[in-house]
Amino acid sequence: MRSFAAAVLALLLFASSVRAEVDPFQYPTTGKSLLETILAAPARNLAEAQVLRGKFVHEKHLSEIPQPLKSEGEFTYVRGLGVHWHTKRPFDSEFVLTQEGILQRDEGTETLRLSAQEQPAVRVIAEIFLALFTLDVTSLNASFDLYGRSQGERWIVGLRPRTETIGSVFKEATIKGAKDVEQVVLSDAHGDRTVIQLQDIRYSATEPDASVRALFAQ
Amino acid sequence: MLVTLVLFVARVLPHLKVETDILALLPSSQRDAAMDDALEEFSSKLARRQIFLIGANDLADAKLAAASFARALAESGAFANVTLELDANASERFDVFLAHRGYLLADADARALEEGRGAELVNKAVRAAFTPAGLMQPLGVAQDPLGLLNNFLREQIPSFGTARLDGAVLVIDAEAGSYVLVLAESAGSPFASAVQERVMPAIEEASRAASRAVPAAISILASGTIQHAAAATTRATQEVSTFGTVETIAVLILLWTMFGGIRPLVLAMLTLSLAVMTAFTVVHFVFDKVHLLALVFGSSLIGSIIDYSIHFFADRFREPGRWSPISAVSHVGPAILLGLTTTLISYLVLAFVPFPGLKQIALFCMVGLVVGCGCVLCLYPIFTPASRRAPQFGPRLGAVIDRFLRRWRWTPVRGVAVAAVFAIALAGLGRAQIQDDIRALQESPAELLENEQQVRALLGSSVETRYFLVTGDSEDAVLEHEERLAEALDGLIASQALSSYQAVSTSLPSRAKQERTHELLSAYVYSNGGLLEQAMSTLGFPQDAIAKRRAEFESASGPLAPTTWLASPASQATRHLWLGKVGDRYATVVSLGGIRDVGALQQVAAEMPNVTLIDRVAETTAVLSSYRKALSGLLALIYVVAGVVLTVRFGIRVAPRILLPSILATVTTLGLFGWFGVPINLFTMLALWLVLGLGIDYGIFLRHGLDNRPTAILSVTLSACMTLLAFGLLAFSATPFIRSIGLTLLVAITLSWGIVLFTCLTALPRPSVEMGTQHG
C-alpha cells in the first residue's frame, strides 16, 4: 500500500514536472538563441533535409464536441515547394500548401483553392505552417514572441503572435519534440485546439524526384 | 496705385494659390451639376492618394526604413493620413457581417443552394473540418459549420495586387529585394501649390529619415499625382521666372538703346508692375486662385503694355525738338485706344466662353490692359520731359526699313513668287495634325514616369482613371443596378477583358438580394433536417449546439442597412465608393483594375441604364477638342467683327490691309506646323488669339503713323521684338502646352510683322496681288 502511495506520488510529481514542461511561456527567448541551444540538434537534421516524409494524426478539439475530429495520413514536405498533406482516414483528401496558396482535392476533385496573391492572410498562415514543421524559428521570430524550455533531449517551444492578423487565427502555439518535431498544438481565439502529431519522420538530403514534385502540381 | 500695392503685398501675396491642373481650366462635363460635384470629389480623392515603395535587399531593412519614412510623413502634417500597418483588426470588421449573417452569402454558395447542390456544401464543409484548411479561415468550424460566412468574408478582403501581408505591413518581393508599401493621402489638392510646398519637402525629409534608419542602401519609389503636379509647377514657374527675367532685361536694354535716358525705363516698368499687380489682385479676389496659364498669358501683357509705352515714346522721333508729351497723346492716343478696343473685344468673347480658366485669362488680360493703357495715356504726359535729345539709332533703323519699303514695287514676278511661297506653306494645312490628348499636353519628366512605371510593374496593377458611375432613385435601386453591373463585370473578368473591380455591393448587397439570401438560408440551411443539421451532426455536434445555431439565425438582426454598413469598420475598404445622395438621386462608383478591353466596358455601360463609364482622360480629350473647335470658330467670328470695326474706321480699301497680316500669319503658321509636324491643339488656338490682337495693332499703328513712317515702323518693329522676346522663349519650354503657345507666337508674330509692313506700307499697283495672296 505504501509502495502504491509512493508510486502515485511519484506519478503526480512526474506529472507536475511534465506540466512545467508543457508551459513554456514563462521562458521568453529569441529565435537565434533557440537555434544555438535547445533546437540545435533537431534544427541541424532539418537544415540538410530536402524532403521530409512522415505520418500525421490531426485532431481538432472543439469545445462543443466531446470527441475530437480526428484524421490520419501521410505528409511530404519539400524544401522550396511546400507541404503535401494526404489525409487517408476517415476519408481520402489531399491538401497542398505552397507559397502560392492552398488547394484541397477530395477524391481527385478540387474543392478549395485559395490563392495567396488574392488572400494575403493565406500566405501568412502558409508561411507559419511551413515554418512550424521545419523549425524555422528565425523567420517565426519576425511575427512571434518566442519561448522555450528543454529537459534532457526533450524540448518545447511556445509562440505568441505579435500582430492581430495572426492573432485572429491563433492565439498561441507550442511545438514539442526531441530528435524531431513530434507535436504541434495551435490554440485559436475561441478556445478550440488543433493538435498535430508527427511520426516516423524520414529525412532525405537528395533533391525530390518527379513523382514527389507531381504532388505539388497545381 | 499705393492702394493696389498695399493690397497686393498684404492681402494677395500671402494667400496666393497657383493652380497647375489643366483640368481646372476646363468646364465640367455635360452631367448635372450635383453629380459632377460628387464625381469631382471622388476624383480629387483619388488624386490625393499616393503610394510609396520602400525597398532594400533585406526585408528587415526595408521594414525599418519604411517605418521611419512613414513616421516622418505623418509627423510632417502634410498628409491627411499615412498607412504603413494595415488596420489588422479583422474580427472587428467581421462583427457587423456576423450580426447580419442571416442575410449574407457568397455568390457561388447562393448558386449552389438554388441549384440544389446543398449536399456538396455539406460534404466540403465536413472534410475541411478534418484538414488544416480550417486554419486558413477567419471563422472556426463551430462558428461557421458550413463555412458559408467564411466564404462571404473571403470575398471582402481587398486585393493589393502582388503585395502580400507580412505581419501588418504589405510587402512586395522583387528580384532586387523586398519593398514595403506605404500609403498616404495628401492634405489638400495635389495641384495646389500650397499643398505641394508642404508635401514635397515632407517626402524629401522622410526619404532622408528612411536612409538614416538603416545602414543598407534603400530605394524609394513613388507613384501619385502630386509628384507630377509638383514637377509641372516647379518647371513652369522656373521657366516663367527665367523667361520673365531674360525678357525684362532684354526689354530694358531695348528701351534704353532706343530712347536713351532712365525716365522712359522707369515709367515703362512702373506701368507694367502696376498693370500686372492690379490684374493679379483682381483675379485673386474674383477666382480665389490664379491658374498657371493665366500667369503665362499674363506675361503677354508685358508685350501689349510695353507696346503702348513704345508707341508713346517713339512718337517723339516724329518731330524732334518740337515734340511735347501732350501732343503725343493726341497723336498716338487714338491708335492706342483703337488697338485696345479690338484686343478687349477679343478677350471679352473669351470671357463668355464657359471655360473657367479662359475667363481668368480674359479677366487678367483685360484688367491689365486697361490699367496699362490708362497709365500710358494719363501718367506719361505728366512725367515725360517735354524735349530731350534721344539716341538716333531707332529712327535710323525705322528709316532704313522705310526706304526699302518705298523702293519696293510689286512686279508680277514678285507677286507670283510671294503667292507661291504662301501657297506652298498653306498646303501644309492639309497635313496638320490635331493633338487633343491631355496626356500629351501635360508631359511629366521621364524620371517620374519611369518611377511610376516601376511601381506599376511591382504592384502588378495600376490605378485606373476609368470607373463606372451607378445611379438610382433610392439606395437600394443603386445597389441593385450595381449588382447587375457586377455580374456583367464578372463575365468580363472571365473573358480577360478586366482583371478586377471594387464595388460597394460586394459587402453591402441590395435589400432584395439580402431577402433572397435569407429565404435560401431558411429553406435549405436552417430548416429542420437542413444542411446545417446534416453537417453538424456528421461532425458530432450535440443537438443543443445545432438548436443554438438555429436560434441565433431566427433571432438575428434584419438585413444589413446602408447606414449600419457605413458606420461600421466593414465598409472601410469600399466606403469611398459610396457617393450617397447626389442631387435627387443616389450614386456609387465601381472602380476598376487592369483594364484590357475598353470597348467591352463601353458596351456594358451602353447596355445598362443607370450605368455610365466615366473616362476622365477621354472626357478631357473630348472637351479639349470641342473647345479647340469652338475657339477656332470664335476666332473667325472675331476677325469678322474686327473687320467691321476697322472698315467703319478706315474704310473698305484700308481695312483689309490691317486685317490681312493677322489672318495670313495665322493660316500660314498652321500650314507650317503641318509641314513640320507640329501638332495643333487648344493652346495653339489661344496663342493665335493673341496674334489677332497684336497683328491688328501693328496695322492700326502703321496706318495712323503714315505721316511719319520711320517712327511708326520703329514702333511696330520694337513691339514685335518685345513679343518675340516674351513668347519666343516659351517655345523652348519643357511643358508641352506652354511650348505650343511659344512656338505659335514665335512663328505667327514674325509673319505678322513681315506681312504688315508690306500690306500697309507698300504701294499696291493692282489689288489682285493682295487678293491672289489671300486666295493662295
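Small disclaimer: the values here were computed from a predicted structure and weren't measured. Chain letters run A, B, ... following the sequence lines, proteins first and then strands; every chain starts at 1.
- Note: A/Asp106 leads A/Ile196, A/Asp106, A/Thr194, A/Asp192 in heavy-atom pairs under 4.5 Å with chain B.
- Atom NZ of A/Lys171 is surrounded by more than 12 heavy atoms from other residues, nucleotides or ligands within 6.0 Å.
- When all heavy atoms of A/Asp92 and B/Arg127 are compared, the closest pair comes out as O-NH1, 3.6 Å.
- With a 4.5 angstrom heavy-atom cutoff, B/Gln143 touches chain A only via side-chain atoms.
- Using a 4.5 Å cut-off between non-hydrogen atoms, the part of residues 541-548 of chain B that approaches chain A consists of B/Phe541, B/Pro542, B/Ala545, B/Lys548.
- Atoms CD and CG, from A/Gln67 and B/Leu539 in turn, are 13.0 Å apart once rounded to the nearest 0.5 Å.
- In this structure, A/Pro66 and B/Gly540 approach most closely via the heavy-atom pair CD-O, 4.4 Å.
- Shown here is A/Arg193, whose CZ atom has no more than 12 heavy atoms of other residues, nucleotides or ligands within 6.0 Å.
- Per-residue counts of heavy-atom pairs under 4.5 Å with chain B were compared for A/Arg162, A/Lys70, A/Glu59; the largest is that of A/Lys70.
- Both the backbone and the side chain of A/Leu69 come within less than 4.5 Å of a heavy atom of chain B.
- For chain B, no part of A/Pro161 is nearby; none of its heavy atoms comes within less than 4.5 Å.
- Counting heavy atoms from C-beta outward, B/Phe130 and A/Ser93 have side chains that stay 4.5 Å or more apart.
- Distance check: B/Thr131 OG1 to A/Leu97 CG gives 10.5 Å after rounding to the nearest 0.5 Å.
- Of the atoms belonging to B/Asp173, it is side-chain heavy atoms, and not backbone ones, that fall under 4.5 Å from chain A.
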